[in-house]
Amino acid sequence: MNKYIYLLFAVLLLGLSSCAVLLTTPKVSKGADISQYKYVVYNAEYNSDTSVLEDILPIVQNVLSKRLKTISSSEAQSLSGEGENILTPRIDVKSTNSKYSNVYITIGLYDFNSNHLVASVKSKGVGLFYSKDNKIHYSGIKTQLNRIFK
């Protein structure tokens, strides 16, 4: 009988540990008005594992390009001189280097002119299946980025 209780407890523990725990929070800086921004420029300021960045960057670009016009760095310089508000994203991904990892993704949207943080999305996932966690991260980040612009 005790063997079955231990086995049931082990299965329950494994089941709970394989579930991804996801915390995603969007935040707009105090006093910032995201609706004033019309343009986005990608300056490649990313601190990330390359494989994760290859997955997350297109998601960020897709969400932002639906709401903002993508421009080059030279266009950004010209438009900022005219007083236009421009966002530039920075992506930071940190993870433990193991199959069973914690993954922390932070996307900051910065004002191109002042370099001040306008809005951010932070996501933390913990789980047994790394690729499953990433899919959950990406979905949560996409949802939260969309919420920032509503």
Side-chain angles (χ1 to χ4, degrees), residues 11-150:
V11 169
L12 180 63
L13 232 119
L14 181 61
L16 289 174
S17 68
S18 68
C19 297
V21 175
L22 179 69
L23 304 171
T24 306
T25 54
K27 187 174 185 177
V28 176
S29 297
K30 187 176 182 179
D33 183 1
I34 200 80
S35 67
Q36 292 181 352
Y37 292 86
K38 298 177 186 171
Y39 303 98
V40 63
V41 62
Y42 299 96
N43 285 331
E45 291 193 35
Y46 311 118
N47 181 15
S48 174
D49 170 26
T50 306
S51 64
V52 175
L53 183 60
E54 288 173 357
D55 292 337
I56 197 72
L57 185 58
I59 293 168
V60 172
Q61 289 174 333
N62 185 29
V63 171
L64 295 180
S65 69
K66 288 180 181 176
R67 289 164 172 70
L68 306 168
K69 181 180 178 188
T70 302
I71 58 174
S72 68
S73 293
S74 59
E75 288 174 306
Q77 292 292 337
S78 174
L79 288 170
S80 68
E82 297 172 13
E84 292 291 342
N85 293 318
I86 304 163
L87 286 177
T88 186
R90 294 184 192 157
I91 301 171
D92 181 48
V93 178
K94 292 187 170 106
S95 64
T96 57
N97 293 326
S98 69
K99 184 177 179 182
Y100 312 106
S101 65
N102 299 333
V103 180
Y104 306 91
I105 301 173
T106 304
I107 300 167
L109 301 176
Y110 289 81
D111 185 277
F112 179 80
N113 300 319
S114 67
N115 207 29
H116 286 103
L117 181 64
V118 176
S120 66
V121 172
K122 294 182 180 183
S123 176
K124 175 187 176 192
V126 181
L128 184 59
F129 302 107
Y130 185 75
S131 62
K132 180 181 176 185
D133 288 350
N134 283 348
K135 289 178 185 177
I136 294 170
H137 275 297
Y138 304 154
S139 175
I141 287 170
K142 183 177 179 181
T143 300
Q144 297 306 327
L145 280 172
N146 281 320
R147 285 185 183 167
I148 285 175
F149 288 96
K150 287 190 177 184

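For the atom pair Asn113 CG and Leu87 CG, the distance stands at 10.0 Å (nearest 0.5 Å). Summarising the geometry, atom CG belonging to Leu68 is positioned 10.5 Å from atom CG belonging to Asn85; distances are rounded to the nearest 0.5 Å. Taking CD from Gln36 and CD from Glu84, the interatomic distance works out to 11.0 Å, rounded to the nearest 0.5 Å. In this structure, OG on Ser120 lies 7.5 Å from OH on Tyr110, to the nearest 0.5 angstrom. With values rounded to the nearest 0.5 angstrom, Ile107 atom CD1 is found 5.0 Å from Leu145 atom CG. Rounded to the nearest 0.5 Å, atoms CD1 (Ile71) and OG (Ser80) are 8.0 Å apart.
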Show your working on side chain to side chain contact (heavy atoms under 4.5 Å, CB included) between Tyr42 and Leu64 and close with a plain yes or no.
CA-CA 11 Å; Tyr42 299 96; Leu64 295 180; 3.5 Å; yes

Side chain to side chain contact (heavy atoms under 4.5 Å, CB included) assessment of Arg67 paired with Asn146
CA-CA 9 Å; Arg67 289 164 172 70; Asn146 281 320; 3.1 Å; yes

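Minimum heavy-atom separation, Ile34 to Ala119: CD1-CB, 4.4 Å. When every heavy atom of Ser65 is checked against every heavy atom of Thr70, the shortest pair comes out as CB-OG1, 4.1 Å.
Gln144 places none of its side-chain heavy atoms less than 4.5 Å from the side chain of Ile141.
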